[in-house]
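Have a look at the structure below, then the notes.
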Amino acid sequence: MPTPSIRFGLGLAITLPALAVSWGFTNGQVVFVLYREPKLALAMITAWCSIAAVAWLRPRAVFPRELLATLTKPSPSRPSLMLAALFLGWLTVTGLWSPVRQLYLYEILQYLTFGALVWVLLTWSRLEVGIADAVRAGIVASLGLVTIIGLAQLSGFFPALESWLRPINPQFGADHPSLMGYKNPAALAVLGQIFLLAGWVWTSRSRKLRLLLIGLLAAELFYLATLHSRTSYLALAVGATFLVTVFLVKWRHGGLRPDPSKAIPIQRLGLVAAVLLSIFAIALIADPATRQRAASMGQFLSVEGYLQSDRGTYFRNTLEMVKQHPSGVGLGHWQTFYPVFRKYDRSRSFDESFQVRRAHSDHVQLLGETGWVGAGLWLALLGSVLYACLRHGGREGSWTGAQWTALIVAMATDYVQEMPYHKLLLFLVAFLALSRLTDRGDEDPMSSAPPAFPSGAFLRAATLTWVALGISLVAAEHLRKQQLSAELLRRYSGAMDDLRRDGRVERTSLQALLQLGEQTASLRGFTKVDHRRHLALAHTASLLGDRGSAFKHAACALEIHPYSPKAMAMMSSLTEAPESQKWSRAYRHVMHEATSGFELDLPKIPTNCPD
């Protein structure tokens, strides 16, 4: 059993990423940037720090022999672990044909870092009990804080939270702005641990702790109902149905007979569940907008309705993508290739200025990016974890299985893995599912003893060097680049508003934008807005008559997004014939003709962009 300080440190490391924000200024007031990058940075930092701490405090858990034994030693978790290793390996292989290095690295580093964290935690939990409980406590604490702050904002009693916790220049508004940015990420995050929390209520032996957890669960259900996320409503309903079915089957076969060691008999548990679901139902009924969102869930349940929806359109067009690329277009590249595979409903969420960034389904997006092999491994992995929970997970396995089922449903109709924190949450839930199945026969009180010199000294020095290097790159530059990129796009949006309203914009404002762009480009790292940033700078430079800078930024936008119609239109206006004609032809093809992929004879452009 790890010491209280180690359990607290591990729980804190799990808690912190959900709370990460990055501050900025707008209209002279301090506000927060709440989207992906701050949480990605802190998730990566805490993952590296956790691995380093394990190497320092429990070095046996990172010995190659022990890590390999976690994968190969016979146990109920081995099939899932082998499938996970194959899946991550295939994701890595897709880098061989991924055309945009930044997009591929942005995603693969997350998968490999979180995968390494889970591998180390599983090895540690095999050697020492109590690790899973600390991880679960950290997950519940993090989303509990998110819920409490969200409810405080919703109440209107704390105006400062409403003004501060609002994203800079949000693309789709900010209903219930929160630590997650806006409603959908908040709903998916709360959903991602709600059955784990309910399971903790079931297993807790402390009356005071149980009452506290029940209160938190009631608050989370109420908050979830107010967030208007149809995906979360559907996933919660399916997960609850799954749980009730499993409990009924186990009850019928004697698997849930009264147990004196349990604090809550199943009859009382049913009463608590009824009260909690009533709270959720009251929150749904009380708000007309919430009722309307819940009623519109029918389109997910009808094949015709689904195919005519945005999600169904993306799915059908992704099938066209994978027909041409059976091995996938490359991890992180669904958005890149989508413009040339719009066979169905071509104008949906697509024009020169706006392009859909995700398939609104993790399963569909992985199919397009990793092909049939990747999608097959992914679905097999999901199924194997669920089977292991039910077959070998015991009493807690039912709750973890319900949580896993809810996440599978959520990923079918939304983008859980698109958000870095949610991706970490998914990996940690997988860890909780598999840790309960791991053979703990190797528990050794000497597992914390340092290995003999020089192997121990080298292991610790290498781990700490790797972590220090990663943290310095992420903390010092990646976050700063994210802040400057958001500030640049906000200023550009304001300048364009002035141009539309007054027909002119101050030259000094445009020059300041270019200077900010140069400052941003000098920083390492990649953010999801780099393509938009280069397009904004290209337009700004063209307004100033600086064709050289405009060409450079348009070329950089095309390097990051080779099929961007807006970048093609800019290149057409910035070049001379015959290159201009080629870019115009490519623009027309993407906007009006492409249905199944194509190869164009495009002019060569520089590939020395600073990103």
Side-chain angles (χ1 to χ4, degrees), residues 23-33 35 163 166-174 347 349-355 357 480-523 527-561 564-577 579-581 583-584 586-588 590-592 605-606 609-611:
W23 59 270
F25 290 97
T26 182
N27 299 325
Q29 293 182 332
V30 176
V31 293
F32 290 103
V33 182
Y35 291 108
S163 61
R166 182 174 292 279
I168 293 177
N169 194 25
Q171 187 175 2
F172 296 112
S347 62
S349 302
F350 190 93
D351 56 34
E352 181 182 295
S353 300
F354 174 79
Q355 180 181 324
R357 188 172 58 241
R480 181 59 177 160
K481 185 167 189 173
Q482 186 268 337
Q483 283 182 314
L484 292 179
S485 296
E487 178 68 9
L488 188 151
L489 291 173
R490 186 189 65 79
R491 290 190 188 182
Y492 173 76
S493 178
M496 294 306 100
D497 288 341
D498 293 341
L499 184 63
R500 285 189 292 268
R501 183 179 61 251
D502 304 329
R504 59 185 297 275
V505 61
E506 293 291 337
R507 186 177 182 86
T508 55
S509 299
L510 298 177
Q511 291 172 336
L513 274 175
L514 288 183
Q515 292 173 0
L516 185 58
E518 294 299 323
Q519 185 180 357
T520 306
S522 66
L523 300 172
T527 74
K528 286 288 190 178
V529 298
D530 279 347
H531 167 247
R532 290 170 52 208
R533 173 168 58 85
H534 283 300
L535 288 176
L537 291 171
H539 187 208
T540 300
S542 66
L543 291 175
L544 288 170
D546 187 349
R547 293 177 63 87
S549 292
F551 180 90
K552 179 188 74 172
H553 287 294
C556 288
L558 279 169
E559 182 176 312
I560 298 171
H561 196 335
S564 167
K566 192 168 186 177
M568 289 177 174
M570 286 185 176
M571 292 298 287
S572 175
S573 66
L574 294 170
T575 56
E576 304 293 336
E579 286 81 3
S580 177
Q581 296 172 353
W583 288 118
S584 296
Y587 170 83
R588 292 193 301 270
V590 172
M591 289 300 297
H592 306 297
I605 56 176
C609 298
D611 296 307

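- Nearest approach of Ala536 to Leu488, heavy atoms of both residues: CB-CD2, 4.3 Å.
- Rounding to the nearest 0.5 Å gives a distance of 6.0 Å between CG of Leu543 and CG of Leu510.
- What you find for Met591 and Pro565 is that their closest heavy atoms are SD-CB, 3.6 Å.
- Among residues at least two apart or in separate chains, side chain to side chain donor-acceptor pair (under 3.5 Å) pairs with a member in residues 535-544 are Tyr492-His539.
- Counting all heavy atoms, side chain and backbone alike, His553 lies closest to Leu537 at CE1-CD1, 3.4 Å.
- When the side-chain hydrogen bond (donor to acceptor under 3.5 Å, both in side chains) test is applied to Arg507, no partner is found at least two apart in sequence or on another chain.
- Here His531 contributes atom NE2 and Lys566 contributes atom NZ; the two are 9.0 Å apart, rounded to the nearest 0.5 Å.
- Residue Gln581 holds its CD atom at 9.5 Å from OG1 of Thr575, rounded to the nearest 0.5 Å.
- Residues Gln511 and Leu514 fail the side-chain proximity criterion, which asks for heavy atoms closer than 4.5 Å.
- Between Leu574 atom CG and Glu579 atom CD the span is 12.5 Å, to the nearest 0.5 Å.
- Under a 3.5 Å cut-off, the side chain of Ser572 and the backbone N or O of Met568 do not form any donor-acceptor pair.
- Distance check: Phe551 CZ to Met570 CE gives 13.5 Å after rounding to the nearest 0.5 Å.
- Under the rule for a side-chain hydrogen bond (donor to acceptor under 3.5 Å, both in side chains), the partners of Ser549 that lie at least two apart in sequence or sit in another chain are Asp546.
- Sorted by first then second residue, the salt bridge (charged side-chain N to carboxylate O under 4.0 Å, His left out) pairs that include residues 509-519, not counting sequence neighbours, are Glu518-Lys552.
- Between Gly517 and Arg533, the shortest heavy-atom contact is O-NH1, 4.4 Å.
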Take Gln519 and Leu516 through the test side chain to side chain contact (heavy atoms under 4.5 Å, CB included) and record every step on the way to the result.
CA-CA 5 Å; Gln519 185 180 357; Leu516 185 58; 3.9 Å; yes
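- Shortest non-hydrogen contact noted between Ala557 and Leu535 is CB-CD2, 3.8 Å.
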